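This report refers to the structure that appears directly beneath it.
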Amino acid sequence: MKNRQIAELFERLADALELKGESVFRVNAYRKAGRVLRDLTSDIEVLHSEGKLKEIPGIGEGISKKIDEYLTTGKMSKYVEATEGIGEELLDLLGVQGLGPKTLALAHDKLGVMNLEDLKKVIGDGALARLPGMGEKRIENIVKGIDLFEKAKGRMPLGKAVPIAREIVEAIKSEKGLKEISPAGSLRRMAETVGDIDILAAGARRLGIVKSFTQLPFVTDVLASGDTKGSVMIDGETQVDLRVVKRAAYGAALQYFTGSKSHNVKLRTMARAKGLRLSEYGIFKGAKKIAGAKEEDVYGALGLSWIPPELREDRGEVEAAQSGKLPALVEEVDILGDLHVHSSYSDGSSSIAELAAAAKKLGLKYIAICDHSKYAKYAGGIDEKALARQAKEIDELNERLRGFRVLKGIEVDILRDGSLDFTDHILEKLDIVVASIHSGFRQNVTQRMMRAMRNPHVDVISHPTGRLISRREGYEVDIQAVIKTAAETGTALEINAYYDRLDLNDLNAKKAKEMGVKMSIGTDSHGVETLWFLSLGVGVARRGWLEGKDLLNSLDADDLLRRNK
DNA sequence: GCCGTTTTCGGCCCGACTGTTTTCAGTCG
C-alpha cells in the first residue's frame with residue numbers, strides 16, 4: 001500500500017506551494033487530496049490499475065495524472081519542481097505557532113532562513129524584526145511558538161485525555177448557572193490521539209463558571225481567563241480549554257467545536273448552497289437565526305439527521321445522513337462482555353474474582369480470561385497445568401456468581417512458523433481462543449496469521465497490526481490479506497481497546513466490516529483499573545461505522561459459545 | 001486543482017484575534 005506515502009507527498013506539496021504563495025484554493029485541493037488518500041481503505045495501486053482514481057472524491061484530472069506519474073515512474077515532477085530550493089526542515093517550520101506561510105516565506109526569501117537554527121539566528125540578531133510588518137509583539141509570539149515547537153510533546157492518547165475530561169466535567173457541572181456541559185473537539189469524536197482538551201459549557205453567570213474552572217485544584221497554570229473562555233494547564237503538560245456560550249447557541253457551538261474541520265467545511269459549503277450561513281453562533285438565513293440551541297436542529301436545518309460525533313471526519317457521513325443511510329452505531333449498552341482480560345495467573349495484577357466483580361459493576365455480563373500462553377515467558381505465560389488449575393477456579397467462581405459469567409480463554413502465541421503455542425487438544429476445551437503475534441514482527445507475519453486463522457479453534461486474532469500509538473509502527477503485515485482471510489475463515493478480528501493499541505483502528509475496522517468480518521472488543525486489561533478501556537474500543541468501533549451486530553461482544557454468553565464451537 | 005439542486009466557469013467556510021496599521025493582512029481554530 002502506497003496510500004500513505006502518496007498522501008504525504010501531496011501534503012508536502014501543499015506546504016511547499018503555500019510557501020511559494022500559490023493560490024490557496026489550489027493548495028487546499030492538494031491538502032484535501034492528501035487527507036482523502038490517507039483515509040482511503042482501498043489500495044491506491046489497485047484503483048490506479050483499474051482506472052478508478054478519479055472516482056475518489058477530491059481527485060480529478062490533475063491529481064490523478066500526478067498519482068499515475070508517481071506510480072509508473074517513482075517520482076512526481078510537480079513535487080520535485082515545487083520543493084526545489086525548499087528543504088523538509090523549512091516546511092517543518094510551518095508547524096511553529098504564530099509563524100504562518102507568509103512570514104516564513106519572507107524570512108526564507110529575504111534572510112535565507114532554511115531551518116530552525118537559521119530562524120533562531122535571525123530572531124537573535126534582530127534581522128527578522130526589521131522586515132516589513134514585523135514588530136516586537138509578533139517576534140515575541142514566534143519565540144513562544146518555537147518554544148512550544150521544540151517541546152512538541154505532541155498529542156496525547158485518547159485514553160489519557162478521557163479521564164481528565166471526565167474529572168473536569170464532574171467538578172464543574174454543578175456550578176451555579178451552568179445548564180449544559182460536554183467535551184468537544186477530537187476527544188468527543190473519540191479520535192485516537194488528542195491535542196488540547198476542549199470542553200464546552202452553556203449557561204448564565206459565565207464569568208463564575210470560567211473562574212471555577214481555572215481554580216480547580218489540579219490546575220497548574222492559567223493561560224487565559226475571561227467571561228467566554230478559560231485556558232489552563234493540568235499537571236504542567238496538558239492544555240484544557242473551556243468555552244462558555246449562551247444557551248441559545250449551545251448546539252451550534254458544540255457542532256463547531258467538535259469538528260472535524262473538514263466535516264465543518266463540508267456543512268458550511270452545504271449551508272451556503274442553500275442560501276444559509278453556518279457559524280458557531282447558529283444557522284442564519286440573512287440576519288435571521290433559524291437554528292442554534294441544539295445540535296440536532298443545526299443538522300436538521302441542513303436537511304440532515306444528527307450525525308454522531310465519531311463519524312464527523314468527512315468520510316461519507318454527510319452523504320449518508322442526506323440519504324438516511326447512517327448506520328445505527330453500536331452503543332456501550334450493546335456490549336455485554338470484555339473478550340480479552342489478563343489475570344494474575346500470567347502478568348495481570350488482579351485475581352479472576354476481582355476482575356469479575358469489577359466487570360459486573362461496570363454493567364457487563366461476562367469477561368473472557370485470556371492469559372498469555374507459555375511461550376510468552378516475559379509476560380508470565382502459563383503452561384497446560386496452570387491452565388487446568390485456572391479452569392477449575394473459573395468453574396468454582398461461576399458456581400457462586402449470579403448474573404455474570406467468566407469465560408475460559410487464552411491469548412495463545414502464534415509462533416515463528418505460524419503454529420500455535422498449545423495443541424488443538426488443549427485449545428478445543430476453551431470457550432474462546434485469541435491468537436496473537438508477540439515475536440518475529442518482521443517474519444512472515446501475514447502468512448503466520450493466515451495459518452492461525454485456518455485453525456478451527458482460533459476465534460479471534462488479537463491486535464492484528466501490532467502498532468503502538470506514537471511508539472511503534474506495527475508488524476510487517478498485509479492487513480488487507482488478513483481481513484480477506486478472516487472473511488473466508490469466519491475468524492473475528494480484535495479491536496484491542498488498550499489505550500496505546502486501539503488495534504484494529506477505525507479505518508481497518510470499517511474495511512473489515514465492509515468485507516463481512518466480525519470483530520471483537522477486548523481491553524487487554526492487566527488489572528481491574530483498565531476495564532473502562534472498553535469505552536475506547538466502542539469509540540473505535542463507532543468511528544469504524546460498526547453496528548452491534550458486527551461485534552461478538554453483543555452476543556450473550558450462550559450465543560457466543562455456540563459460535564465458538 | 002476540484003466541482004456542479006445557483007454553475008462546465010467561477011466559485012471555493014467562518015469568525016475572532018492580534019498586531020501593525022489608518023483600513024487590513026496574517027494566523028488560528
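Naming convention: chains lettered A, B, ... in sequence-line order (proteins, then strands); numbering from 1 in each chain. From a predicted model like this one, the values you see are computed outputs, not experimental measurements.
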Give me the distance, rounded to whole Å, that separates [N] from [M] when you measure between the [atom1] atoms they each carry.
N	M	atom1	value
dT23(B)	dC28(B)	P	26 Å
dT20(B)	dA25(B)	P	16 Å
dA16(B)	dG10(B)	P	31 Å
dT5(B)	dG1(B)	P	23 Å
dC3(B)	dT8(B)	C1'	9 Å
dC17(B)	dC12(B)	C1'	24 Å
dT6(B)	dC2(B)	P	23 Å
dG29(B)	dG11(B)	P	30 Å

Listed partners of [X] passing salt bridge (charged side-chain N to carboxylate O under 4.0 Å, His left out), at least two apart:
X	value
Arg467(A)	Glu192(A)
Asp503(A)	none
Glu170(A)	Lys173(A)

Residue-level proximity of [range] to DNA chain B when a heavy atom falls under 4.0 Å:
range	value
residues 40-72 of chain A	Pro57(A), Gly58(A), Ile59(A), Gly60(A), Glu61(A), Gly62(A), Ile63(A), Lys66(A)
residues 95-104 of chain A	Val96(A), Gln97(A), Gly98(A), Leu99(A), Gly100(A), Pro101(A), Lys102(A), Thr103(A)
residues 283-307 of chain A	none

Separation of [N] [atom2] from [X] [atom1] (nearest whole Å):
X	N	atom1	atom2	answer
Glu81(A)	dG1(B)	CD	C1'	15 Å
Leu37(A)	dG1(B)	CG	C1'	14 Å
Lys229(A)	dG15(B)	NZ	C1'	13 Å
Glu22(A)	dG1(B)	CD	C1'	9 Å
Glu18(A)	dG1(B)	CD	P	16 Å
Arg31(A)	dC13(B)	CZ	P	14 Å
Ile142(A)	dT20(B)	CD1	C1'	13 Å
Arg243(A)	dG15(B)	CZ	P	16 Å

Do [X] and [Y] have side chains that approach each other closer than 4.5 Å (heavy atoms only, starting at C-beta)?
X	Y	result
Leu17(A)	Lys78(A)	yes
Leu37(A)	Ile59(A)	yes
Phe284(A)	Leu276(A)	no

Where do Asn264(A) and Gln255(A) land on the side-chain hydrogen bond (donor to acceptor under 3.5 Å, both in side chains) test, with the steps shown first? CA-CA 8 Å; Asn264(A) 287 358; Gln255(A) 196 291 314; 3.0 Å; yes

Give a yes or no on whether the backbone of [Y] and the side-chain of [X] come within a donor-acceptor separation of less than 3.5 Å.
X	Y	answer
Lys289(A)	Ala248(A)	yes
Lys513(A)	Trp545(A)	yes
Asp297(A)	Gly300(A)	no

Identify each atom pair where a protein N or O and an N or O of nucleotides 16-19 of chain B are less than 3.5 Å apart, giving names and distance.
{"from": "dA16(B)", "atom 1": "OP1", "to": "Tyr281(A)", "atom 2": "OH", "distance (Å)": "3.3"}

side-chain contact (heavy atoms from CB on, under 4.5 Å) partners of [X], counting only residues at least two apart:
X	value
Arg206(A)	Thr228(A), Val244(A), Lys246(A)
Ser323(A)	Lys325(A)
Lys54(A)	Glu61(A), Ser64(A)

Do the side-chain N or O atoms of Arg272(A) get closer than 4.0 angstrom to the phosphate oxygens (OP1, OP2) of dC12(B)? yes

On the nucleotide dG15(B), are OP1 or OP2 found under 4.0 Å from the side-chain N or O atoms that Arg268(A) carries?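 Negative; the distance criterion is not met.
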
Under the side-chain hydrogen bond (donor to acceptor under 3.5 Å, both in side chains) definition, can you give me all pairs with a residue in residues 303-313 of chain A, not counting sequence neighbours?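 Counting only pairs at least two positions apart or across chains, the side-chain hydrogen bond (donor to acceptor under 3.5 Å, both in side chains) contacts touching residues 303-313 of chain A are Arg189(A)-Glu313(A), Glu295(A)-Trp306(A), Glu295(A)-Arg312(A), Tyr299(A)-Arg312(A), Glu310(A)-Arg542(A), Glu313(A)-Arg543(A).
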
Candidate nucleotides dC13(B), dC14(B), dG1(B), ranked by approach to the side chain of Tyr30(A) - the nearest: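 It is dG1(B).
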
Checking contacts here: which listed nucleotide (dT6(B), dC13(B), dC14(B)) is nearest the side-chain heavy atoms of Ala273(A)?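 That would be dT6(B).
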
Just to verify, what does Tyr499(A) make a ring-ring contact (aromatic ring centres under 6.0 Å, His included) with, not counting sequence neighbours? Phe533(A)

I want to confirm an ordering. Mapping Ser23(A) and Asn28(A) to their closest nucleotides on DNA chain B, which one lands closer to the 5' end?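 By nearest-heavy-atom nucleotide position, the 5'-most residue is Ser23(A).
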
Under a 3.5 Å cut-off for both contacts, is dC9(B) paired Watson-Crick or G-U wobble with anything, and if yes, with which nucleotide? dG4(B)

Heavy atoms under 4.0 Å, any strand shown: does Leu278(A) hit a base, just sugar-phosphate, or nothing? sugar-phosphate

Using a 4.0 Å heavy-atom cut-off, does Lys261(A) contact any base of the nucleic acid, only the sugar-phosphate backbone, or nothing at all?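 Base, at least one base heavy atom under 4.0 Å.
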
Flag the pair Arg315(A) and Asp506(A) as a salt bridge only when some basic side-chain nitrogen lies within less than 4.0 angstrom of an acidic carboxylate oxygen.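 Yes, Arg315(A) and Asp506(A) are salt-bridged.
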
